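Remember, it's a predicted structure, so these values are computed and weren't measured experimentally. Computed from heavy atoms alone, side chains included, the values below leave out hydrogens, waters and symmetry copies.
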Amino acid sequence: MRNNRVKRAVPFLLLLFVAGILTFPAAAQEDPSGNWSPRFHEDEEERIPGPELADYAGLPINAADRLRADSWDAALVELQENQCRVHGSDYAWRGPGGLMIWKEVDRVTQDLIAYHTHIGAWGNEQTIYMDGRPHPPDYASHSWQGFTTGHWEGDTLTAFTDHLKENWIRRNGVARSEKATVTTHFLRHGDYLTVVSIVYDPAHLTEPFIRSTDFVYDTKQITLPPYPCEAVEEVNRPEGLIPNHLPGQNPFINEYAAKVGLPPEATRGGAETMYPDYMIKMKTMKRLPPPPPPPNPVQP
């Protein structure tokens with residue numbers, strides 16, 4: 001009698017075992033979901049107050065992008081059409097706000113449909129589709145966040161983005177074109193998350209541009225505050241005037257190089273400035289004299 005009960009129970013237990021295997025996620029996948037706080041210990045000066053004018057070092061830009069950056073004027077961000085302009089999804093990780101990542105799951109099948117991200121600065125949101133849907137055709141509209149699909153590479157969530165609107169690589173006029181595509185890797189190690197973005201831009205870059213941003217899991221970040229933005233007239237200027245510098249007429253091109261003691265050529269960017277061997281070449285370059293000290297304040 002007992003043996004018969006055991007024999008009848010074996011198929012049922014085997015079914016439970018197989019069902020358990022099918023329903024448990026792969027142990028290698030590290031879910032990036034959660035609330036994350038950004039770390040600024042590596043690049044606070046560039047990400048918070050902003051980069052220096054004409055500092056393109058370490059950026060694999062071509063001559064066209066360099067000329068465009070030289071023509072840029074910081075007063076452009078004062079224009080009403082630019083005051084609420086959001087970061088593109090490849091640059092949004094650099095913002096000062098917190099990060100939230102959550103899953104969208106089919107309630108019936110429990111299949112993973114997508115990951116969603118929300119960043120406090122400018123309220124940037126991105127959807128990473130995980131259900132195998134195709135990307136739209138080339139003629140489809142572009143957006144700040146683009147169209148993104150994801151897949152797993154071992155324990156790493158990898159996303160591919162296209163259909164991006166033009167945006168910037170560095171907030172001093174260095175542009176990224178609408179032809180760019182971006183590969184993003186989400187690497188989670190416990191309470192630490194590193195987001196690595198790789199920008200491929202045939203219009204402005206001669207090599208892929210790789211940048212990483214670090215976050216720490218934040219249990220006290222329950223929600224993120226809204227980011228309302230209302231454009232206002234900040235500066236009175238003639239109607240239709242667009243701040244700019246004509247080619248060869250930007251007076252600030254060498255200001256940064258002189259201030260930090262770098263050869264002007266080294267600050268002009270290009271793929272070779274990304275690599276350690278460039279430091280040897282810099283030793284043969286001419287440097288500018290330091291700028292004069294600021295005048296003493298007038299004493300009362």
Side-chain angles (χ1 to χ4, degrees), residues 16-43 47 58 60 87-95 97-119 124-136 145-164 169 176 180-202 205 207-219 221 271 274-276:
L16 290 179
F17 177 74
V18 172
I21 293 177
L22 295 178
T23 56
F24 278 104
Q29 297 173 359
E30 291 287 349
D31 185 4
S33 299
N35 298 325
W36 303 93
S37 177
R39 303 293 93 178
F40 301 100
H41 57 283
E42 292 181 341
D43 40 25
R47 293 172 59 185
H87 293 327
S89 59
D90 52 318
Y91 190 88
W93 315 109
R94 316 294 291 172
L99 165 66
M100 297 177 64
I101 303 178
W102 67 96
K103 291 179 291 189
E104 179 183 350
V105 177
D106 187 289
R107 297 180 65 180
V108 177
T109 66
Q110 290 300 297
D111 290 334
L112 178 60
I113 298 175
Y115 279 101
H116 298 274
T117 70
H118 179 95
I119 297 176
N124 290 286
E125 289 199 347
Q126 184 180 30
T127 300
I128 305 172
Y129 293 106
M130 302 291 293
D131 55 2
R133 69 183 65 190
H135 282 248
Q145 305 307 312
F147 188 91
T148 304
T149 56
H151 65 276
W152 293 101
E153 295 182 353
D155 63 351
T156 301
L157 173 61
T158 295
F160 175 77
T161 303
D162 58 10
H163 289 78
L164 287 161
I169 289 176
R176 187 262 298 141
T181 59
V182 181
T183 298
T184 307
H185 301 287
F186 297 81
L187 300 97
R188 180 171 185 172
H189 300 278
D191 289 342
Y192 297 90
L193 178 69
T194 299
V195 179
V196 180
S197 65
I198 308 174
V199 181
Y200 304 85
D201 188 349
L205 301 180
E207 293 187 16
F209 178 53
I210 305 172
R211 183 160 45 194
S212 64
T213 308
D214 295 320
F215 298 86
V216 174
Y217 194 76
D218 190 350
T219 58
Q221 179 184 284
M274 297 192 300
Y275 299 102

Query - Heavy-atom check, side chain of Asp111 versus side chain of Asp131, under 4.5 Å - result: no
**Report entry** Atom pair NE2/CD of His87 and Gln145 - distance to nearest 0.5 Å
**Finding:** 10.5 Å
Query raised in the report: Do Asp31 and Lys103 have side-chain heavy atoms sitting under 4.5 Å apart?
Result: yes
Query raised in the report: Any sub-3.5 Å donor-acceptor pair from Thr148's side-chain atoms to Ile128's backbone N or O?
Result: no
Report task. Indicate whether any N or O donor in one side chain lies under 3.5 Å from an N or O acceptor in the other, for His185 and Thr158. Result -> yes
Query raised in the report: Quick one: does His116's side chain get under 4.5 Å of Thr127's, heavy atoms only?
Result: yes
**Report entry** Separation of Ile113 CD1 from Arg107 CZ (nearest 0.5 Å)
**Finding:** 11.0 Å
Query raised in the report: Does atom OH of Tyr192 have more than 12 heavy-atom neighbours from other groups under 6.0 Å away?
Result: no
Query raised in the report: Side chains of Met130 and Leu157: closer than 4.5 Å at any heavy-atom pair?
Result: yes
Report task. Please confirm whether the backbone N or O of Gly34 pairs with a side-chain atom of Gln221, one donor and one acceptor, at under 3.5 Å? Result -> no
Requested in this report: Nearest 0.5 Å please: distance from the CZ atom of Phe209 over to the CG atom of Asp201.
Outcome: 11.5 Å
Query raised in the report: What heavy-atom pair brings Ser89 and Trp93 nearest, and what distance separates the two atoms?
Result: O-NE1, 3.1 Å
Query raised in the report: Per the side-chain contact (heavy atoms from CB on, under 4.5 Å) rule, which among Thr181, Val199, Thr183, Ile198 passes with Pro208?
Result: Ile198
Requested in this report: For Asp90 and Val182, indicate whether the former's side chain and the latter's backbone hold a donor-acceptor pair under 3.5 Å.
Outcome: no
Query raised in the report: Nearest heavy-atom pair of Pro32 and Phe186: which atoms, and what distance?
Result: CB-CB, 4.4 Å
Query - By ring pair (Phe, Tyr, Trp, His ring centres under 6.0 Å) - contacts of Phe160 (at least two apart) - result: His135
Report summary line: Nearest heavy-atom approach of Pro60 to Glu207 is CG-O, 3.5 Å
Query - Check: Arg211 side chain, Ile169 main-chain N or O, donor-acceptor pair, under 3.5 Å - result: yes
Query raised in the report: What is the distance from atom CG of Leu99 to atom CG of Asn124, rounded to the nearest 0.5 Å?
Result: 10.5 Å
Report task. Provide the closest heavy-atom pair for Val196 versus Ser212 in the form atom of the first, atom of the second, distance. Result -> CG2-CB, 4.0 Å
Report task. Step by step, work out the ring pair (Phe, Tyr, Trp, His ring centres under 6.0 Å) result for Tyr115 and Trp102. Result -> CA-CA 6 Å; Tyr115 279 101; Trp102 67 96; 9.9 Å; no
Query raised in the report: For the side chain of Arg133 and the backbone of Thr149, is there at least one donor-acceptor N/O pair under 3.5 Å apart?
Result: no
Report task. Supply the atom-to-atom distance Trp36 CH2 to Arg188 CZ, rounded to the nearest 0.5 angstrom. Result -> 3.5 Å
**Report entry** Beyond-backbone contact of Thr213 with Pro38, side-chain heavy atoms, under 4.5 angstrom
**Finding:** no
Report task. Indicate whether any N or O donor in one side chain lies under 3.5 Å from an N or O acceptor in the other, for Ser37 and Arg39. Result -> yes
Query raised in the report: Between Arg94 and Asp43, is the closest basic N to carboxylate O distance under 4.0 Å?
Result: yes
Report summary line: Separation between CG (Leu193) and CG (Leu187), nearest 0.5 Å, reads 8.0 Å
**Report entry** Residue pair Thr161 / Gly146: nearest heavy atoms and the distance that separates them
**Finding:** CG2-CA, 4.1 Å
